[in-house]
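By convention in this document, chain letters (A, B, ...) are assigned in the order of the sequence lines, proteins followed by strands, and residues within each chain are numbered from 1. Here the structure is a predicted model, which is why all the values come from computation and not from measurement.
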4 protein chains.
Amino acid sequence: MTQRTPAVARAPGRRSRRTSGDVEEAILAATLEILDEAGFKDLTVEAVAARAGAAKTAVYRRWPSKVPLVVDALARSQPALVAPDTGDLRSDMIALWKDLAIGGQRSIERLLPVVTAYLGTDDLMALVRERFFEPRLQAVRTVVARAAARGEIRADADTGLAFDLLFGPLAYRWLRGVPPDDDTISRLISMAIEGLQPRDDGAST
Amino acid sequence: MTQRTPAVARAPGRRSRRTSGDVEEAILAATLEILDEAGFKDLTVEAVAARAGAAKTAVYRRWPSKVPLVVDALARSQPALVAPDTGDLRSDMIALWKDLAIGGQRSIERLLPVVTAYLGTDDLMALVRERFFEPRLQAVRTVVARAAARGEIRADADTGLAFDLLFGPLAYRWLRGVPPDDDTISRLISMAIEGLQPRDDGAST
Amino acid sequence: MTQRTPAVARAPGRRSRRTSGDVEEAILAATLEILDEAGFKDLTVEAVAARAGAAKTAVYRRWPSKVPLVVDALARSQPALVAPDTGDLRSDMIALWKDLAIGGQRSIERLLPVVTAYLGTDDLMALVRERFFEPRLQAVRTVVARAAARGEIRADADTGLAFDLLFGPLAYRWLRGVPPDDDTISRLISMAIEGLQPRDDGAST
Amino acid sequence: MTQRTPAVARAPGRRSRRTSGDVEEAILAATLEILDEAGFKDLTVEAVAARAGAAKTAVYRRWPSKVPLVVDALARSQPALVAPDTGDLRSDMIALWKDLAIGGQRSIERLLPVVTAYLGTDDLMALVRERFFEPRLQAVRTVVARAAARGEIRADADTGLAFDLLFGPLAYRWLRGVPPDDDTISRLISMAIEGLQPRDDGAST
DNA sequence: CCATAAGCGAGACGGTACGTCTAGTCTTATC
DNA sequence: GATAAGACTAGACGTACCGTCTCGCTTATGG
């Protein structure tokens, strides 16, 4: 007898049930593959299921439709966003930007626009906020806070504004079909930082 | 009846319309209506044709598919973008922003993300660039040039950067589902302008 | 310009592409083929459409589901049931029987049981009655009436009973999986006729 | 309680049931209930299992699929068919008929057509013959044999024909959706009997 | 000034994918 | 070791639109 003991190899405190193949992972992986190859428009649940070697039922059991599936797959595919700590605000920000801008075919700034139209429910938008925007915002907060602690910028710098200034133009560039080059990144960041720096004259706006 | 002539696609030598009803306009109007009511996702060519009182054939005779139809409808619905001329860069920019930010349910920053996923061909993207982004860029150019002429900012200010700094955060805000308020607009613009201002010292880029 | 004139090459008043009548026939033919080959259980609308070279839509446009389709296909496949007229009741009945009993793989007595379970609505059952049972009943009526006119049987013979006696055992045989042979048919008909014949003693029942 | 042993599938040396509930009976009972309520078409194994408070596994462990389950359930639900013995062929036959004709929602003449389509295997058809038709045939044989012994009919009367004449029209009536009334039964039986009666002496009933 | 052909509304056509349902198999944990 | 529970693969269901195509009608020139 074959003495199936897949449970042994598993993490101790993890989930209760588990079938032969890890269907969920296979589906998510297939989703990302097809997303890369064919784009969102041509991604069909049937193709996902087929590539995952799963039944459509297995997909629909977990996600109500294609959009939440894609959102989830994207969310999980995002590498953990660590706030860089180079000791210099500008370097930190460049690092952050490149992480997202250069990094990913699947960066949310690139793919989310595609999906946004289909985010019907508030639930889903909330998920997107939580999974995508919050980590970015948090990373910016960390970086900015460190810079403030170092005295690079004034303590009351508006992180939210910095956030929009950092990622907004990036997203917009993609939207326009004109991906930013390194120099553009560098200059945009300069501008963003300038707004956060201590003012010589002390006055604001 | 006033024999309305369709705004576009009317070559000079072409012979004039034959039927009483202006099918083309009806279709575009129906498209915009459905876009407003149901969004891009739930816009179907059949619904457009039905609402326009036209046959699907009449739609497909003019536009190869749903996406170009929507792009065209959006393009024509955009009000002419006039570069404001208040005598002050900041005021000009705020005026520009508000025009687009507050103005339209159908502003391209709001709707384009929806469509981007489907902009398969370069042709279509080119059209989008020509119809949507170019007028904005031109308006910014005008405003910035006037400011430079007034000496508000240095003559070699990078208009492209300014453009991204102006509209990027706006689009990003919509993407995030957090529409910008007046104060945010004001502060973002301050930051954008700062990057264009003449530098006293000449430190940093 | 290419001067499209496909109509010229066509049969006089006939169709061009593949007219609705064509599709309908193709679908019905495919239905009967699959019914013969695979039986009702394994007949799927998808297979029918595929074999007919039609889209599923084309099937569902005409029939709400599989059962009415099958009923219709069977109904149309039934050859026109002509009441035989041999000048002899017994010969007429044998002819009638064989027509149905021997004739058809698709005789309704053979296939209807299969479908009966799915005849949910009264509408459909009414259709079945009209298409299948009524012609048989009518044929029996004709045959019996002629025999009565000839004086072979009494004038008030109950055609309804004769009908059940003729076709009931036939259907039952098929149900039992024991198709009747010629001799059995002959003997069953003898019995049926006996009940219709004039009684020597003049009494009835 | 009496620890009911399931009627079938209980080999002698098998050891007795372990769990408290009699799963097998529960499943069969649920099958019959759903058959009565919803009909064969809408009977699903899942519904059966649910109503029986059993797992689908428990069903499939015993019956290979839905059809054998239904056949089995029907077979067991049939009351023992006892050949009536009134001392008169006609009365015996009427009794027999009514037993089946009037009696059962679940009479096989009524339900078998439904199932026939699915009796793929010969095994199953053999089971049906053994469980349903053979008892009927046997009962007719008994009744006819007694009548022959009494001299009511000739000794070589064909029981098989009598069988078909008795139950065929009954089944056919159901098929047609026109259940027979008492008078019809009476008259059909008269006809059937006539065919079995001794012919030499002519008439008389 | 009538004939003709272009454009029209209508809607069926072959397709693709949807999201649902049920079948029958298989796995797990419980008792 | 059989149970209840329920996830699994498989595949048909009936629906909604896609983009194409034919049909007759209408209409406005252009021969």
| For the student: nearest non-hydrogen atoms of B:S77 and B:L32, plus distance | CB-CD1, 3.5 Å

| Rounded interatomic separation in angstrom, taking CD1 from B:I34 and P from F:dC17 | 11 Å

| message | Nearest whole Å is fine: how far is F:dC13 C1' from C:L69 CG? | response | 14 Å

| Atom-pair distance (CZ on B:F40; P on F:dC18), nearest Å | 10 Å

| task | Applying side chain to side chain contact (heavy atoms under 4.5 Å, CB included), name anything that partners D:A38, two or more places apart in sequence or on another chain. | result | D:I34, D:D42

| task | Rounded off to whole Å, could you give me the CD-to-P distance for the D:E24 and F:dA4 pair? | result | 13 Å

| Distance in angstrom units between B:E46 CD and F:dC21 P, rounded | 17 Å

| said: Assess whether a salt bridge exists between A:D72 and A:R131, defined as any Lys/Arg side-chain N lying under 4.0 Å from an Asp/Glu carboxylate O. | reply: yes

| Expected output: side-chain B:K66 to main-chain B:L43 donor-acceptor under 3.5 Å | yes

| said: Tell me whether B:R76 is salt-bridged to B:E25, with the criterion being a basic N under 4.0 Å from an acidic carboxylate O. | reply: no

| request: When you get a sec, tell me which of F:dC13, F:dA4, E:dT22 is the closest nucleotide to the side chain of C:K66? | output: F:dC13

| field | B:D42 CG to F:dC18 C1', straight-line distance once rounded to whole Å | value | 15 Å

| Sub-4.0 Å heavy-atom contacts from residues 49-62 of chain A onto DNA chain F, ordered by number | A:G53, A:A54, A:A55, A:T57, A:A58, A:R61, A:R62

| Interatomic distance where NZ belongs to A:K41 and C1' belongs to E:dT16 [whole Å] | 14 Å

| message | Less than 4.0 angstrom from a charged side-chain N to a carboxylate O is my criterion; do A:E37 and A:R51 meet it? | response | yes

| query | In whole Å, what is the span from the CH2 atom of B:W63 to the P atom of F:dT20? | reply | 15 Å

